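Computation of the quantities below employed the complete heavy-atom set of this structure, encompassing side-chain atoms and omitting hydrogens, waters and symmetry-equivalent molecules. Computed from a prediction, not measured in an experiment: that's the story for all the values here.
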Amino acid sequence: MKKYLTIIICAFIIFAFCACSNSEAEKAPEKGTEAATENNELSATTTVLPSVLNPTEYLLYQNIFYNQQGSSYEGKEVTKIGTFATIDDRFNNITRYYVWGYNDNTKCCDWQWEIHITDTSELPKNGSLVEVTGTFASDDISLDGYWIKKPTIKVVQEYQGPVCDVDMATMSATLERVQLINIQQHPADFEGKSIYMYGRVATLSSIQHPYYDNVWMQEFETADTTPAIGTYVILNGTFSNGVITDSSIAETDMF
């Protein structure tokens with residue numbers, strides 16, 4: 001089942017990569033990697049999702065996972081600056097943690113590094129801008145074969161979002177797709193849970209992937225007025241029988 005999930009993830013990211021071009025030169029994952037945020041001034045708390053734009057990280061991600069260069073970086077200390085997110089992986093009965101960002105301001109292509117966290121007593125809030133420093137290592141338990149071990153995590157900008165069981169609104173488009181696969185393949189595990197997600201309006205009762213047509217679709221029920229087709233929206237409701245019910249839906253420019 002893990003191989004099935006990985007194949008889906010790889011296919012999706014390869015599709016995204018084909019849709020974007022990147023002429024940046026290759027660079028090793030060194031400590032102190034520069035990253036640009038959309039907000040020049042960082043405050044202690046924010047209701048706006050911090051978005052990191054870093055084409056170097058995107059190219060590096062492609063080189064490691066698609067050009068088989070991961071072994072060159074094993075055992076090296078790395079620092080990654082990006083948005084913190086968690087995934088409820090029901091295929092492997094594990095919670096996964098990520099730091100992620102976008103390639104550029106089109107936001108069609110993203111990168112994400114899995115973090116191996118053993119002490120979950122003081123986790124950053126999902127959506128927070130964080131700086132993660134640790135050792136890049138291979139491990140079969142990680143979803144894509146590599147992750148950052150023994151991390152120290154510094155919160156640079158704290159995100160204040162709603163409290164919910166499954167927070168997909170703080171994920172990259174790729175991570176949101178991975179979480180949605182888990183939900184759709186293991187619906188009983190998510191029955192009755194509160195869901196927070198984003199996408200584009202596809203019909204009056206469904207939203208789809210924010211950047212590509214026919215990549216995924218999620219049905220919802222709402223008493224609110226659904227915005228026009230193609231509008232970017234945030235959806236907040238309860239998962240029931242494959243549908244997000246009792247939903248509030250609102251336009252957003254967060255993504």
Side-chain angles (χ1 to χ4, degrees), residues 2 6 9-10 13-14 16-17 20 22-40 42 44 49-87 89 92 94-104 109-159 170-175 178:
K2 178 179 179 182
T6 304
I9 298 166
C10 291
I13 300 178
I14 290 172
F17 182 54
C20 300
N22 193 321
S23 59
E24 294 289 330
E26 178 185 350
K27 183 179 179 181
E30 300 175 348
K31 184 176 181 180
T33 300
E34 293 184 358
T37 64
E38 291 191 316
N39 299 318
N40 293 326
L42 301 182
L49 184 68
S51 298
V52 171
L53 311 178
N54 194 328
T56 300
E57 288 291 347
Y58 181 71
L59 180 60
L60 176 62
Y61 188 83
Q62 296 296 322
N63 283 336
I64 285 176
F65 293 106
Y66 300 105
N67 296 326
Q68 290 76 48
Q69 296 180 10
S71 60
S72 301
Y73 306 114
E74 289 184 35
K76 291 187 177 182
E77 183 181 78
V78 297
T79 293
K80 307 296 181 185
I81 299 174
T83 305
F84 183 77
T86 65
I87 285 181
D89 178 1
N92 300 287
I94 188 174
T95 301
R96 299 189 181 278
Y97 307 94
Y98 289 87
V99 56
W100 66 271
Y102 294 108
N103 175 39
D104 55 32
C109 304
D110 47 54
W111 48 265
Q112 45 276 318
W113 304 101
E114 187 172 357
I115 313 166
H116 180 225
I117 296 178
T118 55
D119 182 5
T120 60
S121 60
E122 295 185 6
L123 291 175
K125 293 181 179 179
N126 286 333
S128 295
L129 180 66
V130 297
E131 179 180 280
V132 179
T133 299
T135 303
F136 188 74
S138 63
D139 198 316
D140 290 339
I141 301 174
S142 62
L143 191 60
D144 291 321
Y146 293 97
W147 56 13
I148 300 172
K149 297 190 70 173
K150 299 179 180 179
T152 59
I153 304 176
K154 175 185 176 183
V155 176
V156 179
Q157 182 180 5
E158 188 174 82
Y159 171 73
T170 58
M171 298 178 183
S172 66
T174 298
L175 295 179
V178 174

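- Contact between Pro124 and Val155 at its shortest, heavy atoms only, is CB-CG2, 3.9 Å.
- Thr152 meets the side-chain contact (heavy atoms from CB on, under 4.5 Å) test with Thr133; sequence neighbours excluded.
- Applying the salt bridge (charged side-chain N to carboxylate O under 4.0 Å, His left out) criterion to Glu114, with sequence neighbours excluded, gives Arg96.
- Contacts of Thr135 classified as side-chain contact (heavy atoms from CB on, under 4.5 Å), with partners at least two apart in sequence or in another chain: none.
- Every residue two or more places apart in sequence or in another chain was checked for a side-chain hydrogen bond (donor to acceptor under 3.5 Å, both in side chains) with Trp100, and none qualifies.
- Applying the side-chain contact (heavy atoms from CB on, under 4.5 Å) test to Asn67 and every residue at least two apart in sequence or in another chain returns Asn63, Gln69.
- In this view, Ser172 and Gln112 satisfy the side-chain hydrogen bond (donor to acceptor under 3.5 Å, both in side chains) rule, not counting sequence neighbours.
- Taking CG of Asn92 as the start and CD1 of Ile87 as the end, the distance is 11.5 Å to the nearest 0.5 Å.
- Put simply, CG on Asp144 and CZ on Phe65 are 5.0 Å apart, with the number rounded to the nearest 0.5 Å.
- With sequence neighbours excluded, no residue forms a salt bridge (charged side-chain N to carboxylate O under 4.0 Å, His left out) with Lys154.
- Scored by the side-chain hydrogen bond (donor to acceptor under 3.5 Å, both in side chains) test, Thr83 finds no partners at all (sequence neighbours excluded).
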side-chain contact (heavy atoms from CB on, under 4.5 Å) assessment of Val52 paired with Trp111: CA-CA 10 Å; Val52 171; Trp111 48 265; 4.1 Å; yes
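- Atom CD of Glu122 sits about 12.0 Å away from atom CD1 of Ile117, to the nearest 0.5 Å.
- The ring pair (Phe, Tyr, Trp, His ring centres under 6.0 Å) test with Trp113 is passed by exactly one of Tyr58, Phe84, Tyr61: Tyr61.
- Atom CD1 of residue Ile153 and atom CD1 of residue Ile115 lie 4.5 Å apart, to the nearest 0.5 angstrom.
- Taking each heavy atom of Ile148 and Lys80 in turn, the nearest pair found is CD1-CG, 3.7 Å.
- For the atom pair CG (Asp110) and OG (Ser51), the distance works out to 11.0 Å, reported to the nearest 0.5 Å.
- Tyr98 is linked by a ring-ring contact (aromatic ring centres under 6.0 Å, His included) to nothing, counting only residues two or more places apart in sequence or in another chain.
- The two residues Pro50 and Gly127 come nearest to each other via the heavy atoms CD-O, 3.0 Å.
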Please step through side-chain contact (heavy atoms from CB on, under 4.5 Å) for the pair Thr120 and Thr95, ending with a clear verdict. CA-CA 10 Å; Thr120 60; Thr95 301; over 6 Å; no
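- Across all non-hydrogen atoms, the minimal contact from Ile81 to Val99 is C-CG2, 4.0 Å.
- Residues passing the side-chain contact (heavy atoms from CB on, under 4.5 Å) test with Ser138 are Glu74, Tyr146, sequence neighbours excluded.
- Pairing each heavy atom of Phe136 with each of Gly70, the nearest pair is CE2-O, 3.8 Å.
- Atom-to-atom distance recorded for Cys109:SG and Leu59:CG is 12.0 Å, nearest 0.5 angstrom.
- Across all non-hydrogen atoms, the minimal contact from Thr170 to Tyr159 is CG2-CE2, 3.5 Å.
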